[in-house]
Amino acid sequence: MKSLSRLVAFGTLAAAVVPIQATTYFVSTTGSDQNFGTELFPWRTLRKGLTSLKAGDTLYVRGGLYQEILGDNTPMKIQPGQRDARIYVSASPGERPV
């Protein structure tokens with residue numbers, strides 16, 4: 001009976017650990033904020049991209065000119081990253097967003 005209670009306790013602990021689903025998103029000057037944020041269907045604005053991120057996510061910004069004001073009035077909904085699930089925002093490889 002003692003080993004059964006240890007098994008139940010371990011099972012409860014293991015069930016409490018939920019893996020984080022990291023997703024890669026894209027923003028492009030030719031996209032639309034109605035899109036899914038994928039490489040083929042990117043979002044248009046940095047604001048949409050930034051407000052859609054969760055812990056572990058990556059946002060690639062495609063090349064082009066982005067004319068947005070992102071400041072204190074931006075309603076950021078970014079959930080904080082975790083040490084093992086950080087949020088990354090980067091230029092798409094080989095591209096230069098401005």
Side-chain angles (χ1 to χ4, degrees):
M1 193 64 147
K2 191 173 186 179
S3 64
L4 178 60
S5 64
R6 283 186 190 159
L7 180 62
V8 170
F10 176 75
T12 303
L13 177 62
V17 178
V18 177
I20 294 175
Q21 291 280 38
T23 305
T24 300
Y25 295 106
F26 291 83
V27 172
S28 172
T29 58
T30 60
S32 167
D33 285 349
Q34 303 304 310
N35 285 345
F36 302 112
T38 63
E39 189 169 13
L40 291 176
F41 299 99
W43 291 315
R44 167 63 183 93
T45 63
L46 296 169
R47 180 183 303 265
K48 173 65 176 174
L50 293 173
T51 58
S52 301
L53 298 175
K54 298 182 300 295
D57 289 348
T58 298
L59 177 66
Y60 283 120
V61 183
R62 306 290 312 262
L65 178 62
Y66 296 85
Q67 296 185 15
E68 296 179 58
I69 296 174
L70 300 173
D72 292 342
N73 63 345
T74 302
M76 296 297 183
K77 299 175 186 172
I78 297 175
Q79 299 175 7
Q82 300 171 1
R83 188 175 304 248
D84 59 342
R86 297 178 184 198
I87 295 169
Y88 293 95
V89 178
S90 175
S92 287
E95 299 193 30
R96 186 171 182 261
V98 179

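The figures that follow rest on heavy atoms only: side chains count, while hydrogens, waters and symmetry mates do not.
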Euclidean distance, Asp57 CG relative to Thr23 OG1, rounded to 0.5 Å: 4.5 Å
Non-neighbouring partners of Arg44 that pass side-chain hydrogen bond (donor to acceptor under 3.5 Å, both in side chains), sequence neighbours left out: none
What heavy-atom pair brings [X] and [Y] nearest, and what distance separates the two atoms?
| X | Y | result |
| --- | --- | --- |
| Ile69 | Arg47 | O-NH2, 3.3 Å |
| Pro42 | Ser28 | CG-CB, 3.6 Å |
| Gly49 | Val27 | CA-CG2, 4.2 Å |
| Tyr66 | Thr29 | OH-N, 3.5 Å |

Starting from Leu50, can I reach Phe41 by hopping between I/L/V/M/F/W/Y residues whose side chains sit under 4.5 Å apart? no
When hydrophobic residues are tied together by side-chain contacts of less than 4.5 Å, even through go-betweens, does Leu70 share a cluster with Leu59? yes
Hydrophobic cluster of Tyr60, others only, ordered by chain and residue number, side-chain cut-off 4.5 Å: Phe26
Pairwise salt bridge (Lys or Arg N to Asp or Glu O under 4.0 Å) hits with a residue in residues 87-98, at least two apart: Arg62-Glu95
Partner set under side chain to side chain contact (heavy atoms under 4.5 Å, CB included) for Leu65, not counting sequence neighbours: Gln67, Val98
Applying side chain to side chain donor-acceptor pair (under 3.5 Å), which residue pairs with at least one partner in residues 32-43 are found, sequence neighbours left out? Asp33-Thr45
